[in-house]
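Notes follow once the structure below has been shown.
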Amino acid sequence: MALSMEKHYDHRRIEKQMQELWEREQLYKFNRESPGEIYSIDTPPPTVSGSLHIGHLFSYTQAEMIARFHRMQGRNVFYPFGFDDNGLPTERLVEREENIYAKDLPRSQFIEKCRQATQKYETEFVDFWKSLGFSVDWTTQYETISPAVRKISQELFLELVKMGKAYIKESPVLWCTECQTSIAQAELDTNDIDSTFNYIPFYVDGEPLLVATTRPELLYGCVCLFVNPADERRSALIGKSALVPLYQFEVPVLADEKVSLDKGTGVVMCATFGDNTDVEWFFEHDLPYRKVIQPNGCIADEAPLIGGLKVNAARKKIIRLLEDANLLLKSERITHAVATHERCGKEVEIIPSRQWYIDILTEKERFLEAGNQINWYPAQMKNRYRIWVENLKWDWCISRQRYFGVPFPVWYCKDCGRPVFAKPEQLPVNPLETEYGGTCDCGCKEFIPENAVFDTWATSSVTPQINERLGLALTPMSMRTHAHEIIRTWTFYTIVRSLYHTGNIPWKDLMITGFVLAKKGEKISKSKSNAEMEPTALIAEHSADALRYWSANARLGTDTFFSVDELPIAKRFITKLWNASKFAISHLRDMDRNRSDEPTLLPVDRWIIERTNETVIRAAAALNEYEIGAARHEIDDLFWKDFCDNYVEIVKARLYDPEIHGFDERRSGQYALYYTLLNILKMYAVFVPHITDYLYRVFFIEHEKAASIHLLKWERPKETAPDIIKFGEEIKSNIADMRKLKSENNLSMRAEMERLEIRTTSFAEWFKLSAMDLQTCANAKEVVILSGL
RNA sequence: GGGCGCUUAGCUCAGCUGGGAGAGCACCUGCCUUACAAGCAGGGGGUCGUUGGUUCGAGCCCAAUAGUGCCCACCA
């Protein structure tokens, strides 16, 4: 195929052309037989929630660059992509888009709608990654709802059951009354909500005892009052009975050190269940359960005065009743943080129910130790993990009373209620569609299927095992990457599962990327002002390489702001790379690479080669630490400042006029130019794969043989020559002085000058060999070298 | 309340193990120079949040303090 270099770089045509070529040539196809150690990347399977935003582009692109970097270090990169399509995010998307509620539809019909939505968005996502030039072997793609993954997920669940690490119990659980499912601690958000702190008198021995509460609707659920045992004012109350206002039943006054002396009135109402502390007290003090709130968010009918009302309406009504009865002695307006469900924003309740859990509370120490064995990039992200683990209060509830997810391979005996489990050969199985087919130990042959599905994280937490489904032993994988918001979920849960299933950490390195914010403090949303940040439109207009180049500007783990105003910088870089290459290649066309004798290099040529080697070393060091921005800046410095602004300007005349400068001298220049440009392109290939491969295929392919620049390896210079680099610094400073002189006199850079004085510390010999170059570069009549300065 | 960041030029940020304060954008001046005017060359502009300490020497280390952001806790 004939590729040409036109005056202007046409990203629309060339990016598409390159992507088609890569696909046709199967350039990124993973081959387990390929040489090189395997470098495996555990990439987040995006949840199908409908929004494809600049944050995806930013975070995934950085990881993709790491894949390219390691491939160009000679490693056999395994870089599978997946989709986390099952679960609540997809369900919420479908409910929102179609304006329906899952519970109003037949189960199978709703699941079918989810499947359709999933397919539609997954196609969009894949097209998107492809349009960014991702070096992914799409034949390794997985979906968490697929039969193969369902099977793995169910198998591993059964393994946990066998180990005693997964268990079922009837217990208070975090519950979303909007989504009508149990949820896990990791799915909580906190929102500041306006509320009132209500002071209500209970009566003990006929004397009023003021209790402050934000949840008066739970009065009927009150099971006791608590005071602090060290509270001298209250010690006489301990053990007595208190009369609950409005409802007129008696509850005991108990003592517990968790009660703070100075909060509210120092007396706490404990209800089942207002908050996490109530649950702890429920167990520690063996308290009874008084039902108030039902799973659908309505007050139980048996609760007088407010039965059947929604929680908020019930609260209002109770407050009004208290006021009417002169029982609301004080009411303070407050703003306080309440736990909400991250998927819908609704306040979370605590309701007893029968759920499946994975034991995590007994193994905190082990999880912390595992965290220490993993290399965190950037290192301080480990703190978020540590603090999360230390603060865990609930075992991981993995059952969801939802529809579009991996089913539990479980039935319950109709007689004794004991769970029975699917046999290995049955998997994957949906107990709603398949009979258990066995007999319970109690002799019963009838079973009730479990209709809950797994928490979506219960499946996505085994991505290392999912990635191993193709028969490759990968764990611990080389690297996991994602943004910092899911440390408490994806990172944590994967570590839990890996330790349980393999006894080992899931990956060696964790690369935690930052977030993209619209502007200071504003999160990305689908609001109008953010429409200009729609990524597919940005790529179409500004090119994938430009957006990739922009993404590579960030420091790892640090949030960044996106503004279209930043893209011209990237576009200018693309133009510069195009023009510089165009120039260099035009002077390399006649180069004879087959000559066996290497040219004797002039010092200037040695300098740019050494600078290139130095940059390769530095950029590789940064990328080995996942510092993409630092690496890019190193290469930028070499390319723009040293190569374009200085080296090319110096070597130009030699390339144009061998009759004046000498043919060997021209050959030396060609050699350095070839080496430097090729290696600059190789380094940039990680960041801007389209333009670099095009430039490679336009020219270098004749000499390098490999079909694509992406099949080449970076140089591995062992050391550089510091002297020649210092010499280069002196050349640059001499040229800068010359340019300054002309600029200050409003002269063209081409203006002729009488004499160029070169000042050098100790490189007089090298400057003598470069005198001709510098003389032409400055358009000077003579060059004088002043050494020893 | 606990933890982790950040604070450097008008803006966005880089500054490695302590020694010269930097880049891009913006601004000003000049330059059609056989890759690039979508360019090039040059310039102005900073008490490195504040205070104290260690050191021959601090943007960098230590302590305190202010502002700001995130993570966690906080529903009486």
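Every chain is numbered from 1 and lettered A, B, ... according to where its sequence line falls, protein lines coming before strand lines.
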When we call it a touch if two heavy atoms are under 4.0 Å apart, what does [X] touch: a base, just sugar-phosphate, or nothing?
X: Trp640(A); result: sugar-phosphate
X: Glu347(A); result: nothing
X: Val389(A); result: nothing
X: Asp645(A); result: sugar-phosphate
X: Cys270(A); result: nothing
X: Gln185(A); result: sugar-phosphate
X: Val267(A); result: sugar-phosphate
X: Phe197(A); result: sugar-phosphate
X: Thr190(A); result: base
X: Lys641(A); result: sugar-phosphate
X: Lys652(A); result: base
X: Met749(A); result: base
X: Lys740(A); result: sugar-phosphate
X: Ser260(A); result: base

Sticking with atom [atom1], work out how far [N] lies from [M], rounded to a whole angstrom.
N: U50(B); M: C60(B); atom1: P; answer: 11 Å
N: G52(B); M: C75(B); atom1: C1'; answer: 43 Å
N: G2(B); M: A64(B); atom1: P; answer: 13 Å
N: G10(B); M: G44(B); atom1: C1'; answer: 13 Å
N: C56(B); M: G69(B); atom1: C1'; answer: 39 Å
N: C40(B); M: G45(B); atom1: C1'; answer: 22 Å
N: G5(B); M: G42(B); atom1: P; answer: 39 Å
N: A41(B); M: A58(B); atom1: C1'; answer: 35 Å

Tell me: [atom1] of [X] to [atom2] of [N], nearest whole Å?
X: Lys382(A); N: C70(B); atom1: NZ; atom2: P; answer: 25 Å
X: Ile334(A); N: C74(B); atom1: CD1; atom2: C1'; answer: 11 Å
X: Glu485(A); N: C72(B); atom1: CD; atom2: C1'; answer: 16 Å
X: Lys263(A); N: G1(B); atom1: NZ; atom2: C1'; answer: 10 Å
X: Glu566(A); N: A26(B); atom1: CD; atom2: P; answer: 12 Å
X: His8(A); N: A37(B); atom1: NE2; atom2: P; answer: 8 Å
X: Phe583(A); N: U33(B); atom1: CZ; atom2: C1'; answer: 12 Å
X: Tyr385(A); N: C71(B); atom1: OH; atom2: P; answer: 19 Å

Do the two ring centres, one from His690(A) and one from Tyr694(A), sit under 6.0 Å apart?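 When the ring centroids of His690(A) and Tyr694(A) are compared, they turn out to be at least 6.0 Å apart.
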Let's see if you can work this out: which of [options] has an atom nearest to the side-chain heavy atoms of [X]?
X: Ser748(A); options: U33(B), U29(B), C36(B); value: U33(B)
X: Trp388(A); options: C4(B), A73(B), U29(B); value: A73(B)
X: Lys393(A); options: C75(B), A73(B), G42(B); value: A73(B)
X: Phe561(A); options: G3(B), C25(B), U12(B); value: U12(B)
X: Thr277(A); options: U33(B), C25(B), C75(B); value: C75(B)
X: Asn391(A); options: C72(B), G30(B), G3(B); value: C72(B)

Look through every strand shown and name the nucleotide pairing with [N] as Watson-Crick or G-U wobble, where both distances are under 3.5 Å.
N: G45(B); answer: none
N: A63(B); answer: U51(B)
N: C40(B); answer: G30(B)
N: C4(B); answer: G69(B)
N: G22(B); answer: C13(B)

Both Lys7(A) and Gly274(A) contact RNA chain B. Taking the nearest nucleotide for each, which residue is further toward the 5' end?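 Checking each residue's closest nucleotide, the 5'-ward one belongs to Lys7(A).
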By nearest nucleotide on RNA chain B, pick out whichever of Glu744(A) and Ala337(A) is the more 5' one.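 Result: Glu744(A).
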Tell me whether the side-chain N/O atoms of Arg555(A) come closer than 4.0 Å to OP1 or OP2 in A14(B).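 The answer is yes; a side-chain N or O of Arg555(A) sits under 4.0 Å from OP1 or OP2.
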Think Arg488(A) has a side-chain N or O under 4.0 angstrom from the OP1 or OP2 of C72(B)?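 Arg488(A) to C72(B) OP1/OP2: side-chain N or O found under 4.0 Å.
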At their closest point, which heavy atom of Pro172(A) faces which heavy atom of Phe283(A), and how far apart are they?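 The answer is CD-CZ, 3.7 Å.
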[X] side chain vs [Y] backbone, donor-acceptor pair below 3.5 Å:
X: Asp657(A); Y: Glu659(A); result: no
X: Asn646(A); Y: Lys641(A); result: yes
X: Asp395(A); Y: Ile360(A); result: yes
X: His285(A); Y: Trp281(A); result: no

Using the side chain to side chain donor-acceptor pair (under 3.5 Å) definition, which of the options Thr513(A), Thr491(A), Thr489(A) pairs with His482(A)?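 Filter result, single survivor: Thr491(A).
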Would you please say whether a donor-acceptor pair under 3.5 Å links the side chains of Asp545(A) and Tyr684(A)?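 Per modelled atom types, Asp545(A) and Tyr684(A) side chains form no pair under 3.5 Å.
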Evaluation steps, salt bridge (charged side-chain N to carboxylate O under 4.0 Å, His left out), between Asp231(A) and Arg233(A): CA-CA 6 Å; Asp231(A) 188 349; Arg233(A) 301 167 298 172; 3.1 Å; yes
